[in-house]
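Computation of the quantities below employed the complete heavy-atom set of this structure, encompassing side-chain atoms and omitting hydrogens, waters and symmetry-equivalent molecules.
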Amino acid sequence: MTTMTDPFREIFLAGVGALAIGAEKSKEIVDQLVAKGQITVEQGKDIASDLHSQAKESTAQVRDDVIQAYLSTLTKEERDAFAARVAEMAADADADQQLNKEEAAEVKIAIK
């Protein structure tokens, strides 16, 4: 069944896919330049780090644009429900992270 969010999902996935392909190709080029001695390993690491940062920023922008477009299709009540669901998901993620930290601390204590 096609829903209203399917086109937004497809746009988001296409954007992420394009970024992933671009990042992969960029990494290949950097690796080739390092192998040929045209840049140093350190320069390659710096370039890779810059590319990673740019990809992360671009992905965040695509995500934000898709969410904004999706929100514009919703009524106020639907936006409020969506916001409540996202807040619930964020709280769940916070709880999961806290649990992971506590488990890691217990493992660290048990190892000592």
Side-chain angles (χ1 to χ4, degrees):
M1 180 172 113
T2 302
T3 66
M4 182 62 121
T5 60
D6 287 346
F8 297 114
R9 182 175 183 273
E10 290 173 13
I11 291 168
F12 177 75
L13 293 176
V16 170
L19 289 170
I21 291 170
E24 185 178 308
K25 291 296 180 188
S26 297
K27 183 183 179 316
E28 287 177 19
I29 291 169
V30 169
D31 290 345
Q32 288 174 0
L33 291 172
V34 169
K36 291 178 181 178
Q38 293 177 342
I39 62 173
T40 66
V41 172
E42 195 60 40
Q43 288 171 324
K45 288 179 183 178
D46 289 344
I47 292 169
S49 177
D50 289 346
L51 290 172
H52 177 74
S53 295
Q54 289 174 5
K56 198 171 182 179
E57 289 173 16
S58 295
T59 302
Q61 185 62 51
V62 169
R63 179 204 60 221
D64 292 350
D65 290 348
V66 169
I67 291 171
Q68 183 63 44
Y70 173 66
L71 289 173
S72 71
T73 67
L74 302 177
T75 65
K76 177 170 178 12
E77 293 79 20
E78 290 170 330
R79 281 192 304 275
D80 291 345
F82 179 78
R85 179 65 185 129
V86 169
E88 184 180 306
M89 291 166 57
D92 290 345
D94 290 344
D96 288 345
Q97 284 181 345
Q98 184 60 36
L99 181 60
N100 289 340
K101 286 180 185 178
E102 290 169 2
E103 289 173 352
E106 289 174 8
V107 168
K108 191 173 180 179
I109 290 170
I111 292 175
K112 287 182 181 180

Return the [atom1] to [atom2] distance between [X] and [Y], rounded to the nearest 0.5 Å.
{"X": "S49", "Y": "Q54", "atom1": "OG", "atom2": "CD", "answer": "10.0 Å"}
{"X": "E77", "Y": "R79", "atom1": "CD", "atom2": "CZ", "answer": "8.5 Å"}
{"X": "L71", "Y": "D64", "atom1": "CG", "atom2": "CG", "answer": "10.5 Å"}
{"X": "Q61", "Y": "T59", "atom1": "CD", "atom2": "OG1", "answer": "10.5 Å"}
{"X": "E28", "Y": "L33", "atom1": "CD", "atom2": "CG", "answer": "12.0 Å"}
{"X": "Q68", "Y": "D65", "atom1": "CD", "atom2": "CG", "answer": "8.5 Å"}

Less than 4.5 Å apart, any side-chain heavy atom of D80 and any of K76?
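Contact flag for D80/K76 side chains = yes.
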
Give me the atom names and distance for the closest heavy-atom approach of A69 to S72.
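Smallest interatomic distance, heavy atoms only, reads O-OG, 2.6 Å.
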
Strictly by modelled atom types, are D94 and Q98 linked by a side-chain donor-acceptor pair under 3.5 Å?
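No, no side-chain donor-acceptor contact under 3.5 Å.
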
Membership question, hydrophobic clusters at under 4.5 Å side-chain separation (ILVMFWY): are V41 and I47 in the same one?
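In one cluster: yes.
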
